[in-house]
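All chains are named by letter (A, B, ...) in the order of the sequence lines, taking the proteins before the strands, and each is independently numbered beginning at 1.
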Amino acid sequence: MPPAKRKAADDGIGRASKRSTPAPATPQSVDSLSDDDYAESEDEGLDEEGGKIKLSAAQAQRQKDQKAAITKLNKRTQFSRISRLTGKSSRLFGQKDFHDLGLKKDHENRPIWIDARVSEGSSKGPKITLESFAPNASKATDLLTTIAEPVSRPAHLHEYRLTEHSLYAALSVGLKGDDIINALEKFCKTNVPDGIKAFIERNTLTYGKVRFVLRDNKFYVESEDDEVIYKLLTDSVISGCKAAGAEVQTGTIQTKATVIQGTAGAKGQTQVSQQQGEIPRDDPAAENEAMIQALRDEDDDEDSFRQTHSFEIAKGTRETVAQRCLEIGLPGVSEYDFNNDKNNPNLPIDLKPQTQIRPYQEKALSKMFGNGRGKSGIIVLPCGAGKTLVGITAACHIKKKIVVLCTSAMSVYQWASEFKKWSDVRDEDVTSFSSSEKKKFPGEAGILVSTYSMMCIDPEGPRCAYDTKNMLQWVQSQEWGLMILDEVHVVPAKMFRKVQDTVRAHCKLGLTATLLREDDKITDLNYLIGPKLYEANWMELANQGHIAKVQCAEVWCPMSMEFYQEYQKASSRKQLLYYACNPIKFQVCQFLINYHENRGDKIIVFSDNIFALEHYAKAMMKPFIHGQTSNKERQDVLENFQHNEIINTIFLSKIGDTSLDLPEATCLIQISSHYGSRRQEAQRLGRILRAKRRNDEGFNAFFYSLVSKDTTEMAYSAKRQAFLVDQGYSFKTITHLQGMDQMPNLMYKDPRERMELLSEVMLVSEDQGDLEKGANNLWATDKGPRGRGSNKKKGLTGVRRTAGSLAEMGGGGIMAPIYQERQRGAQTADKNSFFEKEKRRRTALEKKRRAEASK
DNA sequence: GATTATGAAA
DNA sequence: ATTTCTTCATAATC
């Protein structure tokens with residue numbers, strides 16, 4: 001008895017005494033870190049050539065943490081001792097007392113624990129903990145990834161949760177409720193708690209009763225179960241979503257609204273259902289019994305002729321109906337029996353013979369096509385793990401009209417070329433629909449690649465171009481076999497939900513690396529697309545060499561005195577500028593760039609803040625890209641970064657967060673970011689996961705997050721890391737970079753330089769302060785620069801303002817000329833020498849490419 | 001055709 | 001709690 005109890009009660013506490021990363025991680029992230037991580041951090045990575053990193057302050061912090069944890073632990077041990085003596089553990093442990101669950105004799109051979117608590121109404125389901133080092137752990141992992149949601153998967157203890165959605169996903173793969181319970185019983189160290197069994201049973205009974213099908217380009221809700229149809233039709237929400245044609249005047253709603261498929265006897269069946277439906281439903285047990293029976297019957301004659309009842313739903317109501325079905329416990333599934341679909345033309349497409357699918361990609365696809373039909377759902381793979389190929393393979397299975405939606409025009413181009421690269425599809429059958437290219441495929445079937453925003457245009461809108469309207473109407477008139485949704489986490493956005501009305505597809509496949517949003521809309525995907533079918537383990541893929549291994553570090557940069565004073569005075573908005581431009585951070589960045597360039601790394605520096613981005617880049621004479629950078633210049637910079645030995649570092653704004661493919665990049669430095677966005681952090685990390693050199697002996701990619709100490713940035717940083725920590729990454733905290741002070745040409749060593757920077761930053765914030773006050777400049781009515789190409793003007797305004805305002809500052813007069821000169825010098829040197837020289841070559845290359853493309 | 005200004009939305 | 005920054009589409013320029 002005691003082991004079970006202690007385990008459950010101490011979960012996390014005992015381990016915390018050896019915790020690896022010091023504060024300021026969130027409790028969640030700290031608990032998920034492993035013991036070994038710290039040991040690694042001391043003898044690794046950076047300290048090869050004098051760039052030794054000392055962890056002294058971090059160690060001190062750790063010791064403090066340890067002490068606190070030990071105190072806590074002692075308290076806890078006392079409690080459990082008392083409880084053992086008194087036998088009144090329940091009072092002390094409350095809901096966490098699991099001692100009567102009963103530990104199995106051979107518990108050591110079983111890898112999982114189940115938390116018996118099932119909290120009703122909470123969005124989190126029961127927790128399952130997997131000891132990944134235990135025997136049978138890999139089999140248990142297979143089971144858990146199928147039936148549960150991975151919450152956190154660091155080195156040793158993995159946390160999963162059973163949720164209704166995860167169970168639905170399991171059922172869609174063909175498991176039954178009993179199978180799930182039996183399998184859990186096999187792996188669980190204790191007896192599976194009754195509450196958990198009940199939870200599973202409750203959530204697996206009604207699965208598959210309702211289906212959404214597409215016929216003649218109309219959506220139908222279909223079920224074999226008369227009662228289910230009755231229940232749907234009498235539901236307050238769903239009844240309102242019936243198509244107008246199915247409307248009836250008299251009281252015989254069910255019969256007339258129910259479109260009967262199959263045998264002639266179906267009509268009688270429906271009438272029976274009507275009568276059954278009138279029986280008061282106060283015996284759910286009996287009802288459930290009937291449903292199970294129905295399910296069994298269905299299983300028995302899987303492939304025989306089945307009776308189904310269905311009714312059409314009105315245009316644009318699919319989402320509402322799907323959501324409602326989920327709410328009333330009748331989750332709808334949409335499966336596409338593409339092999340037997342004779343109504344839609346086939347598309348001749350297969351993978352090229354030399355195309356190889358990786359095992360995990362195959363696994364993901366097997367979840368989708370498990371029973372020979374195409375299930376709608378979401379596949380989660382880390383950046384660089386070949387999401388595109390998964391999508392293409394799915395398309396090759398279904399072989400019908402395919403539509404691919406992505407977030408940017410750039411991705412459209414990429415998807416189209418990937419299709420041509422991996423599959424034998426004819427070039428003319430792959431067409432793009434974006435602002436620049438509006439083409440229909442010539443044959444009956446084909447592949448259309450487009451963007452979400454394109455699909456969301458209102459074709460009747462006054463500003464809609466003729467071609468666009470034409471294309472949209474064509475898209476709407478088609479019955480698509482498969483819709484691939486790239487970066488599917490954007491779909492819950494209010495605007496992008498509209499794509500569901502424009503594109504009517506039998507089957508939907510969502511792809512993403514980061515299935516998370518900072519709002520609570522991510523669960524909406526369950527009814528918008530389908531369940532999460534597969535989620536890869538980042539660490540596992542890294543260990544197998546499919547993606548690069550990454551060392552993550554958070555570098556704490558103290559604020560310089562002057563900056564900290566101003567920081568404290570500033571409003572929260574201006575604070576951001578102060579901690580982004582912290583001169584110490586600048587020095588750290590300079591040092592790290594220098595260090596990694598000498599190692600032969602290619603470095604990307606990310607900054608969300610455009611001012612900081614430009615400032616850093618110009619001062620260090622590195623090329624940079626942000627939203628206002630023209631397309632040509634972007635290509636310039638990226639091309640050079642990839643192939644020019646002289647350009648080893650580029651600065652990117654959040655423009656580079658997603659869908660940039662730079663396999664040369666091996667090191668990433670983040671100097672400013674978007675609050676606590678976990679998605680951004682993960683996707684930035686994704687930029688270096690496809691590093692070409694990833695399989696070199698002992699290769700590591702590096703990810704640094706620079707954080708200004710004692711600022712709000714610390715808290716955001718901790719939050720941002722949560723997702724990656726759950727994926728098994730551990731962040732080391734670096735508080736001192738040895739050798740930095742000795743570095744030659746280190747900037748901002750001179751206090752005067754810092755003051756100069758400070759006044760510059762202060763003026764920027766003042767500039768923004770003006771903005772707050774009134775609609776008088778830059779962004780307002782003034783016809784000030786806006787949108788593309790306004791970069792130069794904006795910069796100039798800034799400089800002019802600087803000069804004017806400096807006069808008002810005490811002692812500022814000395815700085816003003818210095819500042820202006822440097823600014824101008826940096827600008828001209830940077831622009832002319834680098835860009836002008838490359839421009840001609842790039843334009844020539846571009847022309848050549850265009851010519852080839854048009855052939 | 002390339003560039004630019006503009007609005008909308010995430 | 002909020003916003004800036006980015007992107008996209010489109011039409012008007014030269």
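A/Ser408 has a side-chain polar atom (N or O) that falls below the 4.0 Å cut-off from OP1 or OP2 of C/dC8. Considering only side-chain N and O atoms, A/Thr629 lies nowhere under 4.0 angstrom from the phosphate OP1 or OP2 of C/dT6. Put simply, A/Thr468 has a side-chain N or O that comes within less than 4.0 Å of OP1 or OP2 on C/dT10. Between A/Ser453 and C/dC8 there is no side-chain N or O to OP1 or OP2 distance below 4.0 Å.
With a 3.5 Å ceiling on both atom-pair distances, the Watson-Crick or G-U wobble partner of C/dC14 is B/dG1. When both distances must be under 3.5 Å, the Watson-Crick or G-U wobble mate of C/dC8 is B/dG7. Using Watson-Crick or G-U wobble geometry with both donor-acceptor distances under 3.5 Å, C/dT3 finds no partner in any strand shown.
Classification of the A/Trp538-A/Phe723 ring pair by plane angle, with boundaries at 30° and 60°, yields perpendicular.
Taking the side chain of A/Ala493 as heavy atoms from C-beta on, and the options B/dA10, C/dT10, C/dC8, the nearest nucleotide is B/dA10. Nearest to the side chain of A/Ala465, among B/dA10, C/dT10, C/dC8, sits C/dT10. Among the nucleotides C/dC8, B/dA10, C/dT6, the one closest to the side chain of A/Ile655 is C/dT6. Side-chain atoms of A/His626 lie closest to C/dT6 of the nucleotides C/dT2, C/dT6, C/dC8. With C/dC8, B/dA10, C/dT7 as the choices, the nucleotide that has an atom nearest any side-chain atom of A/Arg634 turns out to be C/dT7. With C/dT6, C/dA1, C/dA11 as the choices, the nucleotide that has an atom nearest any side-chain atom of A/Lys654 turns out to be C/dT6.
Test A/Lys532, A/His489, A/Lys387, A/Arg679 against A/Thr512 for side-chain hydrogen bond (donor to acceptor under 3.5 Å, both in side chains) and you get one pass: A/His489.
Where A/Ala409 and A/Tyr466 each meet DNA chain C at their nearest nucleotide, the meeting point lying more 5' is that of A/Ala409.
Summarising the geometry, the separation between CZ on A/Phe611 and P on C/dT3 is reported as 22 Å, rounded to the nearest angstrom. A straight line from CD of A/Glu487 to C1' of B/dA10 spans 14 Å, rounded to a whole angstrom. A/Met410 has its CE atom 15 Å from the P atom of C/dA9, to the nearest Å. Rounded to an integer number of Å, the gap from CD of A/Glu518 to P of C/dA1 is 15 Å. Atoms OH (A/Tyr452) and P (C/dT6) sit 22 Å apart, rounded to a whole Å. Whole-Å rounding puts the A/Lys494 NZ to B/dA9 P distance at 8 Å. Here the P atom of nucleotide C/dT4 and the CD atom of A/Glu614 are 17 Å apart, to the nearest Å. We find that NZ of A/Lys498 is positioned 10 Å from C1' of B/dA9, with the value rounded to whole Å.
Residue A/Lys438 is classed as a sugar-phosphate contact, given heavy-atom separations below 4.0 Å to backbone atoms only.
Between A/Asp427 and A/Lys420 there is no salt bridge, since no side-chain N of the basic residue sits under 4.0 Å from a carboxylate O of the acidic one. Note on A/Asp524 versus A/Arg497: salt bridge recorded, some NZ/NE/NH1/NH2 to OD/OE distance being below 4.0 Å. Looking at A/Lys569 and A/Glu566, a side-chain N of the basic residue comes within less than 4.0 Å of a carboxylate O on the acidic one, giving a salt bridge.
Of the possible donor and acceptor atoms, none in the side chain of A/Arg720 sits under 3.5 Å from a partner among the backbone N and O of A/Gly676.
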